[in-house]
Amino acid sequence: MSKIEDKIVIQVQKAITELFGQEIDSSSIALQNTRKDIEGDFTLVVFSFVKLTKKSPEETAQLIGEYLKKHMKEIDSFQVLKGFLNFTLHHQYWMTFLQKASEENNYGTTLPDESEPVVVEYSSPNTNKPLHLGHIRNNLLGYSLAQILEASGKKTYKVNLVNDRGIHICKSMLAWMKWGNGETPESSKKKGDKLVGDYYVLFETALRKEAQALKETHNYDDENARNNAPLMQEARELLRKWEARDPDVFKIWKTMNGWVYRGFDSTYQRLGVSFDKIYYESDTYLMGKKIVLDGLEKSAFFKKEDGSVWADLTNEGLDEKLLLRADGTSVYITQDIGTAQLRFDDYNPGKMIYVVGNEQNYHFEVLKKALKKLEKPYTDHLHHLSYGMVELPQGKMKSREGTVVDADDLMDEMYKTARKTTEELGKIEGFSEEEKENLFHIIGMGALKYFILKVDPKKNMLFNPEESIDFNGNTGPFIQYTHARIRSIIRKAEEKGIADKNFDPLKVVINIKEKNLIRSLYNFPQIVQDAAADMSPALIANYVYELAKEFNQFYHDYSVLNEPDENISLFRLKLSGLTSKVIKTAMDMLGIEVPERM
RNA sequence: GGUUCCGUAGCUCAGCUGGAUAGAGCAACAGCCUUCUAAGCUGUGGGUCCCAGGUUCGAAUCCUGGCGGAAUCACCA
């Protein structure tokens, strides 16, 4: 469906040429939706043309308005107000739009184009800590972004990069070896990621104690004390053994990581996120090493006296960056260089998006510049979706102060709140236990997901665990409820056998609420494109809220099935049906399910 | 200190590729269920859009400089 806005813009261009003898670039034509409190569908801002037309804004607007009305059959009328030119399209135009959009399978979305796929990396957990609220934002953003990109017409692959190697992993392993007595998730009835996380905490606690003692006996500073503590030495030894593929160490590493993955899987499943491929740093860092050494050979990088390898980025306004340690072992960025290459080889993507917190902005700058030094063809394909931190009322989450909001706990809370609220409202008679549980899950997760996704990704956001997430107003359940309401109407229409009957547009007199709804529905495809371009699920969230609000206003003022005029009733049914479809499609892009009843 | 991001109603957030009188939700107060689901709808109050300059016919939006907050500047990840 070609957009009417594009047609108007072309006609405005012609009008200016014919009426005023001036050429104008289409990009300088500001055509926007007319404000709701003013009559009209589209508004042309004419102020910028006044220099060319040498006439007053009002006169210019009047002339262009007359020209367009004459040359475009879709335009019914226009009015000039304070130098703004407001067009109203023909009734028939909107009726046709409603009918056509209703027939589409997935109105608003575009079938994915395989030619230049997009790879979205998100989640990227460490295997020594359970997932918390910060990871939830990451996972929801990543999953939603991938859905949006796919809906906007890009084949999209979701990938995860698991940080499963390094000194931190050795810490939990060491603690478990020393004090675990062979404890397993089965023996302790703990989730695997929680169990391993507990040993990490145990290690850190013991290390702090040792370091404190050293500070007193040897007068070390904090850093020296930590580095010289026997536990730290042992952890390093373990890392050396791991890198040397010591069979015993490797076996424990595999076992413990296996526990963590099973724990993560259950959290991911509950969150409703998934991946097309999982990369492991324990694999990708080898590729990274190789590329860095190749770069060294080609003089893209340089070696210092101690044998360490560096990238000199001082000409790019950055600093020197270590890529390989003197002993040949790799650092964080080494594996990212390798991962980028592997990903490029796997998918040949037009875009590689990294959903990673803004605390790593500098890292991604360095990564891009380093890849540029290597003259990698995919350098410019990298995009960092840098999102803000989730803060608590007391500030950042700190594991030491026990203020970390655990992902599983939070989902439990949401479920309980959803159950309590739903049971109090008492609308679920006739639901089976299974249906009830599913509904509580859908509503609880809907509230949580919407709460997080409605905020602009790049901004820090505040989460107050004391004031539990609302179910009224600008929330997920409000939108879910609107969907359920519409579905209820449609079920009744199906019982009456009128659900698919068409209406006669000529006999429909449209009211303002209906008009607002149609206009909002019309905007949907553009919103999807904007959200994809801006990498912002918040645009979808805010759009679908507006749409739901508009429907509720319409629903309050007018009846669909009890409307005596059958033709108007059928029209409203179509309008409601399309609204429910758009709500479902949009919510799907946010990873939020919508219930048939609630 | 350098760099990047943020600063809009009591609180949480929209609006930011410049356009008409700056919007929602929550909280407060006042209404609306014999009619398709009241998790809804309607109304009232609530603002130096951090400050100061600049660009422009027009600035919450763009530029410069302050102020305030966050992140980062590792041989951690």
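By convention in this document, chain letters (A, B, ...) are assigned in the order of the sequence lines, proteins followed by strands, and residues within each chain are numbered from 1. Basis for what follows: all heavy atoms, side chains included, without hydrogens, waters or symmetry-related copies.
- Side-chain N/O atoms of A/D164 and A/S282 include a donor and acceptor closer than 3.5 Å.
- Using bins of under 30°, 30° to 60° and over 60° for the plane-to-plane angle, the ring pair A/F451/A/F463 lands in the perpendicular bin.
- Between the side chains of A/T53 and A/T60, at least one donor N or O lies within less than 3.5 Å of an accepting N or O.
- Distances from the side chain of A/N562 to the nucleotides B/C75, B/G40, B/U35 place B/U35 closest.
- Remark: the separation of the P atoms in B/U8 and B/C62 is 15 Å, to the nearest Å.
- Side-chain contact check for A/N128 and A/S172: no donor-acceptor pair (N or O, by modelled atom type) lies under 3.5 Å.
- With hydrogens and angles ignored, a donor-acceptor pair under 3.5 angstrom links the side chain of A/N86 to the base of B/A20.
- Proximity note for A/L81 (side chain, C-beta onward) versus B/A20, B/C16, B/U37: the nearest is B/A20.
- Within 4.0 Å of A/Q335, counting heavy atoms only, lies no atom of the nucleic acid at all.
- For the P atoms, the distance linking B/A14 with B/G53 amounts to 29 Å, nearest Å.
- Of the candidates B/G40, B/C26, B/U72, B/C26 carries the atom nearest the A/D470 side chain, counting heavy atoms from C-beta on.
- Toward the 5′ end of RNA chain B lies the nearest nucleotide of A/L462, the other residue of the pair A/L462 and A/T34 mapping further downstream.
- Comparing B/C33 with B/G18, their P atoms are spaced 48 Å from each other, to the whole Å.
- Residue A/T43 places its side chain closer to B/A20 than to any other of B/G40, B/C36, B/A20.
- Of the C1' atoms belonging to B/G10 and B/A28, the separation is 10 Å, rounded to the nearest Å.
- By the stacking rule of 5.5 Å between ring centres and under 30° between planes, A/F84 stacks on the base of B/A20.
- Relative to the side chain of A/N472, the nucleotides B/C26, B/C75, B/C41 differ in distance, and B/C26 lies closest.
- Among the protein residues, A/T422 comes within range of the nucleic acid bases, having at least one heavy atom under 4.0 Å from a base atom.
- Among the heavy atoms of the strands lying under 4.0 Å from A/M598 is at least one base atom, whether or not backbone atoms are also near.
- None of A/Y362, A/F364, A/Y354, A/Y122 except one satisfies the ring-ring contact (aromatic ring centres under 6.0 Å, His included) rule with A/H384; the exception is A/F364.
- Of all nucleotides present, only B/G54 satisfies the Watson-Crick or G-U wobble test against B/C62, with each distance under 3.5 Å.
- B/C41 and B/C50 have their C1' atoms separated by 37 Å, with the value rounded to a whole Å.
- The residue from A/E359, A/E365, A/Q360 that alone fulfils the side-chain contact (heavy atoms from CB on, under 4.5 Å) condition with A/H363 is A/Q360.
- In this structure, B/C33 is classed as syn because its glycosidic torsion stays within 90° of zero.
- Pairing for B/U34 is absent, judged as Watson-Crick or G-U wobble with the two contacts each under 3.5 Å.
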Determine whether A/D530 and A/Q526 satisfy the following criterion, side-chain hydrogen bond (donor to acceptor under 3.5 Å, both in side chains), listing intermediate values before the conclusion. CA-CA 6 Å; A/D530 291 349; A/Q526 186 59 49; 2.9 Å; yes
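- Checking B/G15, B/A20, B/A71 against every side-chain atom of A/K82, the shortest atom distance belongs to B/A20.
- When each of A/E365 and A/D456 is assigned the nucleotide of RNA chain B with its nearest heavy atom, A/E365 is the one assigned upstream, toward the 5' end.
- Which of B/C26, B/U72, B/A38 sits closest to the side chain of A/Y555 comes down to B/A38.
- As the counterpart of B/C29, B/G43 is assigned, both hydrogen-bonding distances of the Watson-Crick or G-U wobble pattern falling under 3.5 Å.
- No engagement by A/K51 is indicated, since no non-hydrogen atom pair under 4.0 Å with the nucleic acid exists.
- Within a 6.0 Å radius of NZ in A/K304, other residues, nucleotides and ligands contribute more than 12 heavy atoms.
- Of the candidate nucleotides B/A71, B/C76, B/C57, B/C76 has the atom lying nearest to any side-chain atom of A/R325.
- Nucleotides B/A74 and B/G15 place their C1' atoms 40 Å apart, quoted to the nearest Å.
- The base-pairing partner of B/G1, taking Watson-Crick or G-U wobble contacts with both distances under 3.5 Å, is B/C73.
- Taking the side chain of A/N361 as heavy atoms from C-beta on, and the options B/C36, B/U4, B/C41, the nearest nucleotide is B/U4.
- Across every strand in view, B/G68 sits in a pair with B/C6 that passes the Watson-Crick or G-U test at under 3.5 angstrom.
- Stacking of the aromatic ring of A/Y362 onto the base of B/C73 is not found under the criterion of centres within 5.5 Å and planes under 30°.
- What separates CD1 of A/I452 from C1' of B/U12 is a distance of 14 Å, to the nearest Å.
- The aromatic ring of A/Y481 is not stacked on the base of B/G40, since the criterion of ring centres less than 5.5 Å apart with planes inclined by under 30° is not met.
- Nucleotides B/U4 and B/A24, compared at atom P, are 36 Å apart to the nearest Å.
- Below 30°, between 30° and 60°, or above 60°: for A/F440 and A/Y415 the angle between ring planes is above 60°, a perpendicular geometry.
- Pair assignment for B/C16 gives none, since no Watson-Crick or G-U wobble pairing has each distance under 3.5 Å.
- Listed candidates were B/G19, B/C6, B/C75. Nearest to the side chain of A/F47 is B/G19.
- Of the side-chain N and O atoms in A/K321, none sit less than 4.0 angstrom from OP1 or OP2 of B/C73.
- In terms of polar N and O atoms assigned as donor or acceptor, the side chain of A/D306 comes within less than 3.5 Å of the base of B/C75 in a complementary pairing.
- For RNA chain B, the neighbouring residues in residues 544-554 of chain A, judged by any heavy atom under 4.0 Å, are A/Y545, A/K549, A/N552, A/Q553.
- Residue A/D534 qualifies as enclosed at atom CG: its count of foreign heavy atoms under 6.0 Å is above 12.
- The gap from the C1' atom of B/C49 to that of B/G68 amounts to 16 Å, rounded to the nearest Å.
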